[in-house]
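A short worksheet on the structure shown next.
For this chain, numbers begin at 1 and follow the sequence in order. What's counted below: heavy atoms across the whole structure, side chains too, no hydrogens, waters or symmetry copies.
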Amino acid sequence: MPFLGQDWRSPGWRWVKTEDGWKRCEPFSPALEDGNNQLNDISHAVILTGDDEDEEIYSTEDCESAAKKRKKDHFRDNRDSQCFYREKWIYVHKESTRERHGYCTLGEAFNRLDFSSAIQDIRRFNYVVKLLQLIAKSQLTSLSGAAQKNYFNILDKIVRKVMEDQYNPRLIKDLLQDLSSTLCILIRGVGKSVLVGNINIWICRLETILLWQQQLKNLQMNKHVNNGLTLSDLPLHMLNNILYRFSDGWDIITLGQVTPTLYMLSEDRQLWKKLCQYHFAEKQFCRHLIPSEKGHIDWKLMYFALQKYYPIKEQYGDTLHFCRHCSILFWKDTGHPCTASDPNTCLMPVSPQHFIDLFKF
């Protein structure tokens with residue numbers, strides 16, 4: 001019997017019928033965007049300081065030859081970008097069986113699920129950004145080399161989208177700040193930590209992140225000219241209802257900076273009290289009471305104080321879901337081939353943190 005594949009029990013290739021006959025589907029292979037032209041505008045001197053501010057690892061004078069090598073390695077890293085799938089659902093197996101060998105890792109799931117297209121959907125944008133932020137804080141070194149390439153490829157698309165659409169730049173600034181801090185620690189600790197790939201590639205990635213941070217810092221919000229109805233033309237009760245629908249305190253503060261009327265509504269004590277009651281339990285209030293000068297509880301300060309000690313509830317327009325019956329991870333609107341008699345009872349929404357926890361064995 002001839003040997004036809006790596007595993008005779010595998011489902012085989014995916015085929016599509018065309019006018020010329022059956023053809024095999026090829027995996028999607030997006031290469032990392034060419035950012036070398038932008039990197040020429042930023043200094044290649046990356047100064048990494050530890051606890052001692054006088055410690056300098058890289059300097060401008062000693063870095064010229066290394067900078068050329070970094071650009072060469074970074075170009076090779078872009079050119080040799082791996083192929084990534086765009087699948088609507090994946091099977092999460094945590095142990096080896098007779099039919100399946102190995103298990104699904106975080107990097108494999110990150111590569112196979114279509115996060116690249118998810119960032120174009122405004123309902124999923126915040127979800128993907130939060131997931132990238134959690135990976136940057138604690139899981140970056142656990143990703144394979146291919147998954148790390150895909151990570152920075154998606155991050156590049158997110159930054160480009162924010163620069164074009166000017167959508168939620170504060171969220172991306174927080175992500176880049178956490179990522180740059182993590183990379184500085186990892187690069188300083190080369191030999192102590194695991195970094196997949198050449199160190200020059202990681203330094204080039206750090207320089208790219210610094211460039212993105214500078215671009216977002218200089219981002220100018222375009223003023224939209226509209227001769228029709230504006231937010232300021234709405235009655236007070238409607239503006240108040242809009243503010244009460246916000247679940248993020250920083251969004252309330254930002255909206256309050258638009259007009260004096262919105263500022264007055266954003267300082268309402270009842271608004272901040274409702275926000276605190278939504279995110280935190282009553283027992284948590286008693287431990288961090290902050291009275292104002294008039295003797296009342298300052299709910300606005302309470303919200304930001306409690307935020308430092310307890311996690312807030314996360315809200316997303318769309319999230320990944322996990323089917324407990326099929327062990328399949330998928331976007332809810334795309335569905336999956338479920339064999340349960342009542343699929344809706346098996347579904348469980350997956351938060352970004354839960355997504356990472358699924359692959360901790």
Side-chain angles (χ1 to χ4, degrees), residues 29-84 105-108 110-111 115-116 132-160 163 172-173 175-218:
S29 57
L32 289 174
E33 301 289 345
D34 184 12
N36 293 326
N37 293 333
Q38 291 182 330
L39 286 176
N40 292 333
D41 299 332
I42 189 171
S43 170
H44 287 280
V46 180
I47 301 177
L48 306 174
T49 59
D51 298 332
D52 186 1
E53 296 180 355
D54 297 333
E55 178 186 359
E56 293 187 0
I57 298 180
Y58 298 94
S59 62
T60 307
E61 298 177 355
D62 302 333
C63 201
E64 294 180 358
S65 60
K68 294 180 181 179
K69 188 176 187 305
R70 287 201 302 271
K71 288 180 62 178
K72 182 179 179 181
D73 292 335
H74 189 64
F75 173 76
R76 187 184 299 115
D77 181 60
N78 289 353
R79 182 186 59 192
D80 298 336
S81 179
Q82 300 290 329
C83 297
F84 305 110
T105 63
L106 175 63
E108 182 183 354
F110 188 78
N111 282 342
F115 288 111
S116 182
L132 293 182
Q133 189 173 15
L134 292 177
I135 292 176
K137 288 181 177 179
S138 61
Q139 300 296 322
L140 193 60
T141 55
S142 67
L143 298 181
S144 64
Q148 289 174 358
K149 288 182 181 181
N150 193 25
Y151 180 95
F152 284 95
N153 178 39
I154 295 175
L155 182 59
D156 179 57
K157 292 183 178 180
I158 289 177
V159 174
R160 290 177 182 270
M163 295 298 296
I172 313 305
K173 290 179 181 178
L175 165 60
L176 293 179
Q177 181 61 39
D178 292 336
L179 183 57
S180 62
S181 300
T182 301
L183 286 186
C184 285
I185 296 173
L186 292 176
I187 293 175
R188 283 203 308 268
V190 171
K192 302 177 183 178
S193 60
V194 179
L195 276 178
V196 179
N198 194 312
I199 183 61
N200 294 319
I201 294 176
W202 285 100
I203 294 177
C204 229
R205 287 172 175 171
L206 179 58
E207 291 175 346
T208 305
I209 293 172
L210 296 177
L211 173 64
W212 287 338
Q213 288 179 316
Q214 188 63 33
Q215 289 176 344
L216 291 173
K217 183 179 180 180
N218 299 331

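A distance of 11.0 Å separates OH in Tyr151 from CZ in Arg205, rounded to the nearest 0.5 Å. Of the inter-residue distances, the one linking Leu143 atom CG with Lys149 atom NZ reads 13.5 Å to the nearest 0.5 angstrom.
Scanning for side chain to side chain donor-acceptor pair (under 3.5 Å) contacts around Thr182 gives an empty result, with sequence neighbours left out. Contacts of Lys173 classified as side-chain contact (heavy atoms from CB on, under 4.5 Å), with partners at least two apart in sequence or in another chain: Leu216. Ser180 pairs by the side-chain contact (heavy atoms from CB on, under 4.5 Å) definition with Gln177, Leu206, Ile209, Gln213, not counting sequence neighbours.
Considering all non-hydrogen atoms of both residues, Trp202 and Ile187 come closest at O-CD1, 3.9 Å. Ile158 and Ile172 get closest at one heavy-atom pair: CG2-CD1, 3.5 Å. Counting all heavy atoms, side chain and backbone alike, Phe152 lies closest to Trp212 at O-CH2, 4.3 Å. Ser142 and Leu106 get closest at one heavy-atom pair: OG-CD2, 4.1 Å.
Counting only heavy atoms from C-beta outward, the side chains of Leu155 and Leu176 approach each other to under 4.5 Å. Between Leu210 and Gln214 there is no side-chain heavy-atom pair separated by less than 4.5 Å. Asn153 is not listed as a side-chain neighbour of Phe115, based on a closest heavy-atom distance of 4.5 Å or more.
A distance-only check finds a donor-acceptor pair linking the side chain of Gln148 to the backbone of Leu140 [under 3.5 Å].
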